[in-house]
Amino acid sequence: MLTQAPKGTHDILPDEIDKWIFVEQKFAQICRRFGYREIRLPVFEHTELFQRGVGDTTDIVQKEMYTFEDKGGRSLTLRPEGTAGVVRSYIEHGMASLPQPTKLFYNITAYRYEKMQKGRFREFHQLGVELFGAADASADAEVISLLVLFFDSLKIKNLTLNLNSIGCPECRAAYNQKLKDFLADKIGNMCETCKERIDRNPMRILDCKDEGCRQHLKEAPVLLDHICDDCRVHFEKVTQKLQEIGIHHEIDRGIVRGLDYYNRTVFEFVSRNIGSQGTVCGGGRYDGLIETCGGAPTPGIGFAIGVERLLLEMESQGIGIPAQPGPVIYLGSIGEKAEKLCERLAWELRSEGITCIKDIMGRSVKAQMKYADKLGARYALIIGDNEVESNKASLKDMKTGEFKDISLDTLIDRLVKIRETD
RNA sequence: GUGGGUAUAGCUCAGUUGGUUAGAGCGCCAGGUUGUGGCCCUGGAGGCCAUGGGUUCAACUCCCAUUACUCACCCCA
């Protein structure tokens, strides 16, 4: 227990950190290219924010939140997702009076008390974007195009973009009623999950995988056919714009994001290679959310990418990242005088910005060379009494195995030059 | 929340129908004459065999429970 990370969490070890940094930097780069600026927020917020924002009836709020009371008696919750916090910050800091629209991106951990499986954790990482103030379908299309560009930049192929419109609160309520009416005489013969869903979230029934249920659903009314004119026009504009920039997508009438705040456009990027939790990215429009959270009526749209899933997908596609270079030089020493000299040299090298590893174990030359090799050092230099005496040493090129005699006075200049040309 | 699978060294795994000092490969450390890595050879360290019960003369091995890991349902990123 003591030596085990809590269930659903995982360490990101030095061997894998480069992949994370690579992905995070790529994301930030693409976001900035679209005019987004980074925002960093607290890991926990007032519980009420999520109850209101994410929605009281959602699974997330009902059974998945890490909620606790602090010593001042406040109820706080580890964020289960990113949007609510960003919305809170947007309102709190009056970002509505910034030049509009407001474009923000973030890189966060999120927390949900879930049973874990492949691609699903209790602490997980999300890269996300929120765009406030733009109601037009152009915003939807641009946000999606950002994602496409991001995935392209990582060389990820074959993610399916699924798109749907779940209408506005008014047309959705009307549709739900139609769906219930349609199912009224069939629900008795359908599976248990569907029976539960009919009251809680009737639309999810359309997503049921049970063969029997599917039969009953063949003639079911489709939400897209029943959304109001405004919503339909909006959706048509989104798909049309995607087509114009050549972004392939599929209409998936089954997509219903699990968070209450979504309206109109919802979308996800799905993989088939990474297990049953294949949604690498989920997002959508949330035009009512800012108002719900106490701000002025403001349209919004955003998405979140599951970084663990993204990395799984990259791995399944065999996508590597550029290797990080090892240290420029290893400074080995024999004896106390030499060690002292190395200390000074190492200090100077590092001050010049050169990555330098020196012996601090007092090991044999052979052991030191082995170590230098394992570190991937580009050069190695062993200093003993002779070198201290003559102020010269033999610089070994670890790739070719060749030696070059050099004066220690010129070592730094030499390495600086090598670094510039390498 | 509901199911299935798994649990032996840092990692990947052996371990006979229950039988006494628990093994390999990789990794780690040290050597293979004087002060130079990769290949090879030798040696060493490192396991309460997940934990707690039970059966038995005897349990890593069989049974039960717990915990953890894992996959799926559900839900979602």
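Note that the coordinates shown come from a computational prediction; the quantities given were computed from them, not determined experimentally. Chain naming here is simple, since letters A, B, ... match the order of the sequence lines and numbering starts at 1 in each.
Distances shown here put every side-chain N or O of A:Gln4 at or beyond 4.0 Å from the OP1 or OP2 atom of B:A68. A sub-4.0 Å separation between OP1 or OP2 of B:C73 and a side-chain N or O of A:Ser276 is present. Contact check, A:Lys374 against B:C28: a side-chain N or O comes under 4.0 Å of OP1 or OP2. At B:U70, none of the side-chain N or O atoms of A:Lys118 fall inside 4.0 Å of OP1 or OP2 (strictly under the cut-off).
Contact of A:Lys115 with B:U2 (side chain to base): a donor-acceptor pair of N or O atoms is detected under 3.5 Å. No N or O donor and acceptor, one from the side chain of A:Asp385 and one from the base of B:G35, sit under 3.5 Å apart. A donor N or O paired with an acceptor N or O is found under 3.5 Å between the base of B:C74 and the side-chain atoms of A:Arg120. Checked by distance alone, A:Gln126 brings no side-chain donor or acceptor within 3.5 Å of a matching partner on the base of B:C76.
Counting to the nearest Å, the P atom of B:G35 and the CZ atom of A:Arg363 are 17 Å from each other. Per the geometry, NZ belonging to A:Lys366 stands 11 Å off C1' belonging to B:G38, to the nearest Å.
Using a 4.0 Å heavy-atom distance criterion, A:Gly332 is classed as making no nucleic acid contact. Nucleic acid contact for A:Gly275: sugar-phosphate only, since backbone atoms but no base atoms lie under 4.0 Å from a heavy atom of the residue. The residue A:Val307 sits apart from the nucleic acid: no heavy atom pair falls under 4.0 Å. Looking at heavy-atom distances under 4.0 Å, A:Ala304 makes contact with sugar-phosphate atoms alone, never a base. Looking at heavy-atom distances under 4.0 Å, A:Ile382 makes contact with a base. At the heavy-atom level, A:Glu114 lies under 4.0 Å from base atoms of the strands shown. Residue A:Phe403 is classed as a base contact, given a heavy-atom separation below 4.0 Å to a base.
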Take A:Glu123 and A:Tyr111 through the side-chain hydrogen bond (donor to acceptor under 3.5 Å, both in side chains) test and state the conclusion after the steps. CA-CA 5 Å; A:Glu123 179 187 63; A:Tyr111 303 84; 2.7 Å; yes

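Figure legend. B:A7 is base-paired to B:U67; pairs are counted as Watson-Crick or G-U wobble with both atom distances under 3.5 Å. Here B:U20 sits opposite no nucleotide as a Watson-Crick or G-U wobble pair (both hydrogen-bonding atom distances under 3.5 Å). Base pairing of B:C48 is not made with any nucleotide, judged by Watson-Crick or G-U wobble geometry with both donor-acceptor distances under 3.5 Å.
In summary, A:Asp397 and A:Arg378 engage in a salt bridge, as defined by a charged side-chain N under 4.0 Å from a carboxylate O.
More than 12 heavy atoms of other residues, nucleotides or ligands shown are found within 6.0 angstrom of CD on A:Glu24.
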